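For the numbers below, each heavy atom of this structure counts, side chains included, while hydrogens, waters and symmetry mates do not. One is the number of the first residue; the rest follow in order along the sequence. It should be emphasised that the depicted structure is a prediction, and the values quoted were computed from it without experimental measurement.
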Amino acid sequence: MTFTLTPTYEDNPRLQDLVERLRDYLGGELAAYEAELGIEPESGYTRAQLEPVWRRSRELGFYGIHLPKEHGGQDLTYTELAALKEEVGASGRLLQHSVLGDMGGPLRAGSILQYATDHQIETYLEPVIRGERACCFSLTETDAGSDVRAMKTVATPDGDGWRITGHKVFSSAGPFADFSVLIARMAPEPDAPEDAKPVFSAFLVDLDAPGCTVLPGETPMSGEHIESDIVLDNCRVEPGQLLGKVGDGLRIGLGRVTTNRLLHCPTVLGQARRALALTVDFARTRQVFGAPLGALQSIQHKLADMATSYYAARSMTYDALADLDAGREPRTEAFMCKLFVAENAFRIADEAVQIHGKAGLVRGAEVESIFRKLRMFRVLTGSSEIQKNGIARQLLMPG
């Protein structure tokens with residue numbers, strides 16, 4: 001894999017064309033739209049501001065591009081999708097999460113198509129794919145993060161349906177969503193033994209249903225206003241809102257873990273690439289003692305380390321994705337990629353701030369904003385410690 005801050009894909013003409021068109025959109029039309037809105041890294045946005053991005057991205061073929069052709073996508077390989085996610089991450093666009101459908105769109109909903117009934121696809125998922133509706137995913141609770149089996153949200157039988165009570169946190173895209181893919185613990189049967197294992201199910205919960213309240217979530221250190229708490233108080237769900245079968249909840253909620261773990265990495269790699277590119281430009285143009293900052297060997301060594309870390313993290317990620325495309329399941333490699341990408345992307349951002357000096361410490365400066373986002377990735381979607389646990393488990397208990 002050749003090192004460059006502007007990857008090319010001459011061996012894959014389709015992907016090369018997609019990347020070029022995506023770069024044009026991100027740096028042209030979308031950049032102009034953001035400037036028109038006057039949004040900044042910590043601005044809140046409205047549904048009305050996001051919908052035009054969903055629709056335009058869909059018109060250009062990017063929104064849901066990874067999906068099978070029968071759902072309007074191009075049936076991309078994982079490697080191809082990763083290349084596009086990296087470009088989005090490297091763009092510096094504030095609305096980047098709405099281009100491929102990461103936030104509330106097809107990238108969130110596409111993974112559950114296999115569990116959905118025809119009615120659920122037509123009513124819930126197809127409108128998301130078309131950019132007409134949005135969804136969020138509600139699994140995490142205050143005391144149930146990595147230990148999802150500790151969740152307290154419970155679904156109690158009520159006639160042929162259920163009533164759900166509980167409190168979900170960190171439901172990304174919740175402020176803009178129409179429904180949630182929500183995981184709940186099933187109330188035990190009256191005659192169930194006390195030590196019976198809990199059963200979890202997944203439901204499609206309309207966020208405007210009686211008994212369901214969407215509250216502003218805590219603002220993460222990135223400053224983005226994209227999180228919600230979903231509070232349910234005896235909220236009725238009908239049989240047709242059960243996704244999959246009773247007991248499929250954790251399979252749906254944690255399913256495709258290896259794939260999802262790997263596909264988080266390219267976006268982060270893109271953000272690290274952006275931080276590196278900004279820092280190279282700064283080192284070239286910032287004058288100190290009558291010469292460019294980049295003339296200092298100490299700065300050159302930092303840049304060399306940053307570039308090497310990016311190259312290593314990117315190479316291992318795309319190698320694991322190639323395995324996934326070949327039909328293998330690189331479980332250990334996925335743990336390794338999430339760990340290595342998270343830790344090294346943050347180191348790149350940290351050095352970017354250091355090299356920028358005071359200019360990198362200003363709230364709202366792009367490298368400062370990237371720094372905060374990449375710090376979060378060391379915890380989100382499984383902390384670095386969780387990844388190490390997974391690696392060690394695979395080493396000590398192979399097979």
Side-chain angles (χ1 to χ4, degrees), residues 82 85 89 102 111 137-153 168-172 183 185 198 200 217-224 226-227 249-272 275 305-306 308-321 323-324 329-354 370-399:
K85 286 173 70 68
D102 289 89
S111 63
F137 188 81
S138 302
L139 175 67
T140 303
E141 299 178 10
T142 300
D143 296 317
S146 298
D147 182 12
V148 296
R149 289 174 175 81
M151 75 172 66
K152 297 177 181 177
T153 298
K168 298 292 185 179
V169 299
F170 288 118
S171 290
S172 299
I183 314 300
R185 176 172 56 84
F200 302 89
E218 293 182 302
T219 302
M221 66 186 298
S222 67
E224 296 173 291
I226 60 174
E227 307 289 347
L250 293 188
R251 182 180 304 147
I252 293 171
L254 301 177
R256 297 179 74 235
V257 169
T258 296
T259 301
N260 290 336
R261 187 173 287 129
L262 281 173
L263 285 177
H264 281 300
C265 292
T267 303
V268 170
L269 287 167
Q271 292 169 343
D305 287 340
M306 293 162 71
T308 302
S309 294
Y310 163 73
Y311 176 66
R314 186 174 191 269
S315 296
M316 67 188 296
T317 298
Y318 280 83
D319 182 69
L321 287 163
D323 264 2
L324 205 57
E329 186 178 9
R331 290 190 64 193
T332 304
E333 295 86 345
F335 284 123
M336 291 175 171
C337 288
K338 169 62 172 70
L339 171 65
F340 194 82
V341 169
E343 294 297 323
N344 283 277
F346 177 68
R347 289 192 185 100
I348 290 170
D350 187 45
E351 290 287 33
V353 170
Q354 190 74 15
I370 293 172
F371 173 91
R372 286 185 281 127
K373 287 182 180 180
L374 294 185
R375 179 59 185 86
M376 289 172 59
F377 192 62
R378 295 175 63 203
V379 175
L380 296 179
T381 69
S383 68
S384 291
E385 291 74 19
I386 291 292
Q387 309 311 312
K388 290 179 181 180
N389 289 348
I391 295 166
R393 187 167 57 248
Q394 295 297 315
L395 290 172
L396 295 171
M397 297 181 288

List the steps and the verdict of salt bridge (charged side-chain N to carboxylate O under 4.0 Å, His left out) for Lys85 and Asp102.
-> CA-CA 9 Å; Lys85 286 173 70 68; Asp102 289 89; 2.7 Å; yes

Separation of [Y] [atom2] from [X] [atom1] (nearest 0.5 Å):
X      : Y      : atom1 : atom2 : value
Glu141 : Phe170 : CD    : CZ    : 13.0 Å
Phe346 : Met376 : CZ    : CE    : 12.5 Å
Phe335 : Arg261 : CZ    : CZ    : 4.0 Å
Thr142 : Met151 : OG1   : CE    : 12.5 Å
Thr259 : Leu321 : OG1   : CG    : 9.0 Å
Ile348 : Gln271 : CD1   : CD    : 11.5 Å

Ion pair present between Asp305 and Arg347, side-chain N to carboxylate O less than 4.0 angstrom?
->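 No, no charged N to carboxylate O under 4.0 Å.
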
Are any of the side-chain heavy atoms of [X] and [Y] separated by less than 4.5 Å?
X      : Y      : result
Ser138 : Ile183 : no
Val169 : Glu218 : no
Lys168 : Thr140 : no
Arg185 : Thr153 : no

Provide the closest heavy-atom pair for Ala345 versus Val268 in the form atom of the first, atom of the second, distance.
->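 Scanning both residues completely, I find the closest heavy atoms to be CB-CG1, 3.6 Å.
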
What pair of heavy atoms forms the shortest contact from Thr317 to Leu262, and how long is it?
->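 In terms of heavy atoms, the two residues are closest at CG2-O, 4.3 Å.
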
Residues Phe200, Ile252; criterion side-chain contact (heavy atoms from CB on, under 4.5 Å); working and verdict | CA-CA 10 Å; Phe200 302 89; Ile252 293 171; over 6 Å; no

Mind checking side chain to side chain contact (heavy atoms under 4.5 Å, CB included) for Glu224 and listing every partner two or more places apart, or none if nothing turns up?
->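 With sequence neighbours excluded, Glu224 shows a side chain to side chain contact (heavy atoms under 4.5 Å, CB included) to Tyr45, His97, Ser222, Ile226, Lys373, given in chain and number order.
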
Who passes side chain to side chain contact (heavy atoms under 4.5 Å, CB included) against Ile386, sequence neighbours left out?
->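 Expected list: Ser146, Ser383, Asn389.
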
May I have the step-by-step check of side-chain contact (heavy atoms from CB on, under 4.5 Å) for Val341 and Leu269, ending in yes or no?
-> CA-CA 7 Å; Val341 169; Leu269 287 167; 4.2 Å; yes

Short side-chain donor-acceptor distance under 3.5 Å, Glu227 and Ser171 =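 Side chains of Ser171 and Glu227: no pair found under 3.5 Å.
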
Carefully, step by step, assess Tyr310 and Asn344 under the rule side-chain contact (heavy atoms from CB on, under 4.5 Å).
-> CA-CA 7 Å; Tyr310 163 73; Asn344 283 277; over 6 Å; no

Any sub-3.5 Å donor-acceptor pair from Asp319's side-chain atoms to Ser315's backbone N or O?
->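 Looks like no, no N/O pair under 3.5 Å.
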
Can you check whether Met336's main-chain N or O pairs, donor with acceptor, with Gln387's side chain at less than 3.5 Å?
->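 Side chain of Gln387 to backbone of Met336: no pair is present.
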
If a pair satisfies side-chain hydrogen bond (donor to acceptor under 3.5 Å, both in side chains) and one of its residues is in residues 330-343, list it, with sequence neighbours excluded.
->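 Checked against side-chain hydrogen bond (donor to acceptor under 3.5 Å, both in side chains) - neighbours excluded - the pairs reaching residues 330-343 are Glu343-Arg378, Glu343-Ser384.
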
